[in-house]
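Atoms considered below: every heavy atom in the structure, side chains included; atoms not considered: hydrogens, waters and symmetry mates. For this chain, numbers begin at 1 and follow the sequence in order.
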Amino acid sequence: MGWKAIARYAVGTSHKEQKTPCQDCGKYRIFNNVIVGAVADGAGSAKYSHFGSELAVETVIKCFADINELPDKKSFSQPLSEVEAKEVFAKFVNEVIKAFNKEADNKGYSVSDLACTLLVFIATPQWVAAMQIGDGFMVVHRQDAEYQLLFEPDKGEFFNETTFVTSANALEEMQVQVISGKQGFICASTDGLEKVAIRLSDWQPHAPFFKPLEEYLRETDKPEEDDKYVIDFLNSERLNSRTDDDKTLLLCCLEN
């Protein structure tokens with residue numbers, strides 16, 4: 001039993017028109033039977049948020065790798081409690097802020113220039129721990145259940161407003177959940193795909209969006225090499241007619 005996964009992101013049509021870079025980033029890493037994944041979306045108002053989203057994701061992966069290399073790894077052999085999960089994810093966020101401060105000092109930026117949202121999950125065959133700061137979405141699926149949205153996206157009080165990892169209240173607004181039991185499929189994404197993947201009236205996942213993606217992943221032996229399906233989907237005219245924002249897909253499934 002093991003994980004296979006793919007992470008791809010594409011620049012939105014509005015960013016192409018404005019000649020701005022893709023501000024999304026998504027990456028993962030597999031450690032035997034444990035997978036850690038992270039997705040970030042740079043704030044449109046932040047000058048260097050495309051650097052911030054990439055740095056945030058890379059910092060989370062490295063931080064988990066460092067934890068995983070410690071002699072005592074038993075904390076990941078059993079489901080984390082919600083308190084333990086909050087502690088782990090808070091460590092990730094604090095490491096991201098340290099990395100942002102270092103980057104800002106080196107390049108002469110303001111830390112707020114690197115602002116981004118952040119979604120992270122840690123998954124084993126027995127449980128999933130997840131966190132979210134800001135908007136975007138994370139959906140899980142097990143064979144005997146419907147697709148499940150883990151968190152309602154943080155949209156703030158006003159239109160187009162959300163919480164970023166650089167916000168003063170980021171840790172207070174961080175949403176955390178731990179799910180016991182085998183989750184065979186996980187999808188993490190930025191808000192560019194919200195309107196096509198999530199029914200916004202009641203925040204329910206739109207199964208016809210996720211089912212083909214899950215089937216592709218299960219039927220593909222090496223998704224990182226055979227990625228045409230995902231890339232074509234993210235750049236399709238049909239999708240771009242419904243969203244002009246950057247878009248990210250981080251997909252993983254558990255093979256028996």
Side-chain angles (χ1 to χ4, degrees), residues 1-10 12-13 24-28 30 33 35-39 41 117 119-132 135-153 175 177-256:
M1 185 178 289
W3 295 98
K4 60 180 176 180
I6 183 171
R8 293 291 183 271
Y9 39 97
T13 55
D24 277 11
C25 187
K27 294 184 181 181
Y28 67 89
I30 298 170
N33 67 337
I35 183 170
V36 58
V39 164
D41 180 6
T117 62
L119 295 82
V120 182
F121 65 83
I122 301 166
T124 79
Q126 292 78 38
W127 54 270
V128 176
M131 71 82 102
Q132 180 163 332
D135 51 20
F137 62 86
M138 204 176 311
V139 167
V140 298
H141 184 225
R142 67 171 192 254
Q143 280 191 320
D144 60 344
E146 300 294 325
Y147 288 95
Q148 178 186 352
L149 179 70
L150 296 188
F151 310 107
E152 285 191 19
Q175 301 182 79
Q177 189 172 164
V178 179
I179 305 174
S180 297
K182 176 182 172 182
Q183 303 296 324
F185 173 76
I186 304 170
C187 173
S189 181
T190 53
D191 70 328
L193 291 172
E194 275 179 9
K195 65 178 69 173
V196 295
I198 307 297
R199 198 167 61 210
L200 303 183
S201 59
D202 58 3
W203 297 112
Q204 292 300 306
H206 185 51
F209 174 89
F210 295 99
K211 189 175 180 181
L213 295 170
E214 182 175 1
E215 288 175 349
Y216 148 78
L217 197 57
R218 294 198 177 282
E219 293 168 3
T220 305
D221 292 331
K222 297 179 179 180
E224 280 291 352
E225 297 175 16
D226 188 7
D227 63 357
K228 186 176 186 299
Y229 178 86
V230 173
I231 291 174
D232 285 352
F233 172 73
L234 289 174
N235 291 296
S236 66
E237 288 186 17
R238 182 180 179 187
L239 184 61
N240 285 333
S241 70
R242 300 186 64 188
T243 175
D244 63 357
D245 199 1
D246 296 337
K247 41 208 178 292
T248 292
L249 279 174
L250 197 172
L251 310 171
C252 65
C253 73
L254 187 61
E255 294 185 295
N256 293 325

Minimum-distance pair of heavy atoms, taken over all atoms of [X] and [Y]:
X    : Y    : answer
A10  : L234 : CB-CB, 3.9 Å
L250 : G37  : CD1-CA, 3.9 Å
C252 : I35  : CB-CD1, 3.8 Å
P223 : I6   : O-CD1, 3.2 Å
W127 : I122 : CZ3-O, 3.9 Å
E194 : G136 : OE2-N, 2.8 Å

Say you draw a straight line from [atom1] of [X] to [atom2] of [Y]; how long is it, rounded to the nearest 0.5 Å?
X    : Y    : atom1 : atom2 : value
R218 : L213 : CZ    : CG    : 12.5 Å
E215 : E219 : CD    : CD    : 6.0 Å
K195 : H206 : NZ    : NE2   : 14.5 Å
D227 : E225 : CG    : CD    : 9.5 Å
R242 : E237 : CZ    : CD    : 15.0 Å
C187 : L217 : SG    : CG    : 10.0 Å

Considering only heavy atoms from C-beta outward, does the side chain of [X] approach that of [Y] to under 4.5 Å?
X    : Y    : result
L150 : I179 : yes
D24  : D245 : no
P205 : F210 : yes
D221 : D226 : no
Y9   : D246 : no
F121 : V140 : no
C253 : K4   : yes

Does [X] use its side chain to pair, donor to acceptor, with the backbone of [Y] at less than 3.5 Å?
X    : Y    : result
K27  : A7   : no
W3   : E255 : no
K247 : T190 : no
Q175 : F151 : no
N33  : G2   : no
K182 : Q143 : no
T117 : D41  : yes
S189 : T248 : yes

Taking the six-membered ring for Trp, are Y216 and Y229 parallel (under 30°), tilted (30 to 60°) or perpendicular (over 60°)?
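Ring orientation, 0 to 90° scale: parallel.
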Plane angle bin for Y147 and H141 - parallel if under 30°, tilted between 30 and 60°, otherwise perpendicular
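Because their plane-to-plane angle is under 30°, the rings of H141 and Y147 count as parallel.
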State whether a side-chain donor-acceptor pair under 3.5 Å links T13 with N240.
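Distance-only check fails for T13 and N240.
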Chi angles and distances behind the side-chain contact (heavy atoms from CB on, under 4.5 Å) call for I198, F209
CA-CA 9 Å; I198 307 297; F209 174 89; over 6 Å; no
Less than 4.0 Å between a side-chain N and a carboxylate O, is that true for R142 and D144?
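Yes, charged N to carboxylate O under 4.0 Å.
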Does the distance from a Lys or Arg side-chain N to an Asp or Glu carboxylate O, for R8 and E224, drop under 4.0 Å?
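Yes, R8 and E224 are salt-bridged.
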